[in-house]
Amino acid sequence: VNPLVPGVMPAAPVLALDLGGSRIRAALVRLDGSLAARDEGRTRREAGPAAVIGDIVALLQAVRSRTPADAATRLAGVGIAAPGPLDPAAGRLIDTPNLGPAFRDADLAAPVSQALGLPVAVERDTNVALLGECGFGAARAARNAIYITVSTGVGGAVLADGRVLAGADGLAGEIGHVVLDLDGPPCGCGGRGHLESLSSGTGIARAAAELVAAGAAPGLSAVAAGSPDGLLSARDVAAAEEAGDPEARRVMERAREAFAGAMVGLVNVFNPEVIVVGGSVAHGQGERWLTPARTRVAAEAFRVQAARVRIVPATLGDDVGLVGALGLVACRIPGAVGR
Ligand SMILES: [Zn+2]
């Protein structure tokens, strides 16, 4: 498949769809990156891939039906952002932990293309997000950039020398699964001590639950006892830190420091101009999440790389996977490029 190169633009607007673990969003994306005819629904994972693809088609048809006729007749194609790992050449999911085993090897591009009569490009959500932030967000005009999302998991994408790093199988950029702690906690991928196991919402909640189970966190125990399901979320732990709870603070500091350590490695390996940080955990924490990363990079990364890099919040929010579809379609659908 063609490399993803920020700045390549389609000749006409595109339909965009962002398939997430809990929500499906769709919109028309105009050439200036603005969205129209936005629509969304729940991801009915439990109903299986055929039902979810039916929902995807219905959402895209609804968006197209609300697109002004002059734009609807000359759409450049459909860009779909989906959870990885996926096969962009085949337009197929591979094994997506966020959707479940029923979605293993599920075809995405072909059935959507057939139903809509439009060419479809499928790419991992973080690569599409990186394209979006490079085109219209916090990494505008960068040639070397990294996008990281910290939410339920930790995902990433790398722009190196002006193109999105693909790797041998189109799967490069899984920043959440670098090892930070050889003896660290288990990761959702089956590994141990990965960035995701330490800094994700899941990792934060798990670390807090362990302290509660050990009877070592009275404040967090009280919060857990007061929640409807008796469980702590990362949001609960962050709120408890805000309220002054010392164990919550320890858990959050560990998550922030693990993230900061990973940033040192990324700065040294990739020499990026900018690292764009998105996702609900990082967004909720704001500067509190980014400051330790900047401090640690300044102290530990190589001098020239550390002086070069900016570590900044993502600017496109929930729209990031939709806006990036513009570049995805331009790069991947033959004949879509404008002048
Ligand atoms: Zn992992």
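One-based numbering, in listed order, for ligands and for the atoms of each.
The hydrophobic cluster containing V122 does not contain V329, counting ILVMFWY residues as joined when their side-chain heavy atoms lie under 4.5 angstrom apart, directly or transitively.
Side-chain atoms of R254 and R256, non-hydrogen and from C-beta on, never get closer than 4.5 Å to each other.
In terms of distance to the Zn ion (ligand 1), the nearest N, O or S atom of H194 is named ND1. When distances from the Zn ion (ligand 1) to the N, O or S atoms of H177 are compared, ND1 comes out shortest.
Around atom CZ of R163, no more than 12 heavy atoms belonging to other residues, nucleotides or ligands sit under 6.0 Å away. Applying the 6.0 Å contact sphere to NE2 of H177 captures more than 12 heavy atoms from other residues, nucleotides or ligands.
Between the SG atom of C189 and the SG atom of C187, the angle centred on the Zn ion (ligand 1) amounts to 110° when rounded to 10°.
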